[in-house]
Trainee: 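Encoded as structure tokens, here's the structure I'll be asking about.
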Number of protein chains: 2
Amino acid sequence: MKARRQTAILDIVRHEPIRSQEQLRLMIKASGFDVTQATLSRDIRELGLVKGGADGAYQPPGRVEVNGHTAKAMFQRALASQLRRIDRVQQLVLLKTGLGHAQSLCAALDGAELPDVVGTLAGEDTILIITPDARRARTLVKRLEEMSQT
Amino acid sequence: MKARRQTAILDIVRHEPIRSQEQLRLMIKASGFDVTQATLSRDIRELGLVKGGADGAYQPPGRVEVNGHTAKAMFQRALASQLRRIDRVQQLVLLKTGLGHAQSLCAALDGAELPDVVGTLAGEDTILIITPDARRARTLVKRLEEMSQT
DNA sequence: CATTCGAATGTATAAATATTCTTTTCCCGC
DNA sequence: GCGGGAAAAGAATATTTATACATTCGAATG
């Protein structure tokens, strides 16, 4: 019984956001498993489900998705703590970071999905951002400067 | 203040398993931020931290990058706790896990970058490992059995 | 300055979750 | 079938987390 119930839990959790065990209890009852919250607490641990992230819902382990808002916030924090300098050359924007931080900041940058960013490249301490043209590069620089000051 | 405190939270959470906000409160107080649990609850949501998984600790969202040594250790621990059975069919190795654990164990397996592993596939409770030939599949089985016993 | 607005945080408490202890269920070997 | 033991689940409760509301603080504005 336990195995089948746990399969059902995975199904439910994957298909819609469940934010409490009581909510899960009702859903799983509808699937024909009438158990208490305590049992679900155990199931959840055994399945390694994870709670929190963007929407505070339970998620299967592995990839935890980050929504736009969180991604942007993460980027902003990364920016504030790691950015050393911003330069622009034509339609290219160059970010200088502390040594070794370019990769992680670049990942956060990609996650934030800022407009006008066509592509990015990260080295050891430098990130290259490609934008469509010089005008939009200037706009991006302004935006990044604002974000890094917060 | 908030930004710096949240950065500090990330640091702490990355370095050791934190299983409650009260525990986190003490740690962060030691870092010079004296705030209440309510504030930490809000910080945790804003950071998109996730709780649960293997050890019930808070974790940063997204893909956690790890070096080779850590990856191997993680894999070994995952193996010890989640592996149910090992089978081999020709050059294929099948790992059976507890329901729902195949994905995460498979991720750890990939991270460990074991020799002779050509590719992997994970279902709900089964992992398929493809090796070049039956001989190396046997070698891999032996290695996995050793690792899981430690 | 005083005022107002909003973000950040604290306080108190409600809500959610984990856990301890007990009961039930389900296999085995006899 | 019948103990004995282990796994599973329930009940009650302790612990942990989220939230409603109040307060403080700082920047912007008149």
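In what follows, every chain begins at residue 1, and chains take the letters A, B, ... in the order their sequences are listed.
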Trainee: Could you check which residues of residues 30-39 of chain B get a heavy atom under 4.0 Å from DNA chain D? Sort them by number, please.
Mentor: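 B/Q37, B/A38 - these, ordered by number, are the residues of the stretch whose heavy atoms sit under 4.0 Å from the strand.
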
Trainee: Just the rounded figure in Å: distance from C1' of C/dT9 to NZ of B/K29.
Mentor: 16 Å

Trainee: What residues, two or more places apart in sequence or in another chain, satisfy side-chain hydrogen bond (donor to acceptor under 3.5 Å, both in side chains) together with A/Q91?
Mentor: none

Trainee: Test of understanding: with salt bridge (Lys or Arg N to Asp or Glu O under 4.0 Å), list the residues that count as partners of B/R136, not counting sequence neighbours.
Mentor: B/D133

Trainee: Which whole-number value in Å describes the distance from A/E46 CD to C/dT19 C1'?
Mentor: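 In whole Å, C/dT19 C1' lies 14 Å from A/E46 CD.
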
Trainee: List the residues meeting salt bridge (Lys or Arg N to Asp or Glu O under 4.0 Å) with A/R138, not counting sequence neighbours, and say none if there are none.
Mentor: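 Here no residue qualifies.
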
Trainee: Among residues at least two apart in sequence or on other chains, which ones pass salt bridge (Lys or Arg N to Asp or Glu O under 4.0 Å) with A/R5?
Mentor: A/D43

Trainee: Which part of the nucleic acid, if any, lies within reach of B/R25 when heavy atoms closer than 4.0 Å are counted: base, sugar-phosphate only, or nothing?
Mentor: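 No contact.
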
Trainee: Shoot me the first and last contacting nucleotide of DNA chain D against chain B, ordered 5' to 3', at under 4.0 angstrom to non-hydrogen atoms.
Mentor: D/dT16 to D/dA20

Trainee: If the cut-off is 4.0 Å, is A/Y58 near the phosphate of C/dA16, judged by side-chain N/O to OP1 or OP2?
Mentor: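 Result: no.
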
Trainee: Output all residues satisfying side-chain hydrogen bond (donor to acceptor under 3.5 Å, both in side chains) with B/Q23, sequence neighbours left out; order by chain, then residue number.
Mentor: none

Trainee: Scan for salt bridge (charged side-chain N to carboxylate O under 4.0 Å, His left out) pairs involving residues 30-40 of chain A, sequence neighbours excluded, and state none if there are none.
Mentor: A/K29-A/D34

Trainee: Let me know the distance between CD1 of A/I18 and P of C/dT17, rounded to the nearest Å.
Mentor: 11 Å

Trainee: When you get a sec, tell me which of C/dT11, C/dT19, C/dA16 is the closest nucleotide to the side chain of B/R42?
Mentor: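 So the nucleotide nearest the side chain must be C/dT11.
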
Trainee: Please state how far atom CZ in B/R19 lies from atom C1' in C/dA16, giving the value in whole angstrom units.
Mentor: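 Interatomic distance, CZ of B/R19 to C1' of C/dA16: 17 Å.
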
Trainee: If you compare all heavy atoms of B/V13 against all heavy atoms of B/Y58, which two are closest, and at what distance to 0.1 Å?
Mentor: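 Looking at all heavy atoms of both residues, the closest pair is CG1-O, 3.3 Å.
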
Trainee: Could you give the angle between the helix axes at the two ends of the helix from C/dC1-D/dG30 to C/dC30-D/dG1, with five pairs per end, rounded to 10 degrees?
Mentor: 30°

Trainee: Given atom NZ of A/K51 and atom P of C/dA16, what is their separation to the nearest angstrom?
Mentor: 8 Å

Trainee: Which heavy-atom pair separates B/R143 from B/P115 by the least distance, and what is that distance?
Mentor: NH2-CG, 3.5 Å

Trainee: According to a strict under-4.0 Å criterion, is A/R45 in side-chain N/O contact with OP1 or OP2 of C/dT19?
Mentor: yes

Trainee: Output all residues satisfying side-chain hydrogen bond (donor to acceptor under 3.5 Å, both in side chains) with A/R135, sequence neighbours left out; order by chain, then residue number.
Mentor: none

Trainee: Taking only residues two or more places apart in sequence or in another chain, which ones pass side chain to side chain contact (heavy atoms under 4.5 Å, CB included) with B/D87?
Mentor: B/R85, B/L94

Trainee: List in chain and number order the residues that pass side chain to side chain contact (heavy atoms under 4.5 Å, CB included) with A/T7, two or more places apart in sequence or in another chain; answer none if no residue qualifies.
Mentor: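 Result, side chain to side chain contact (heavy atoms under 4.5 Å, CB included) vs A/T7: B/L99.
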
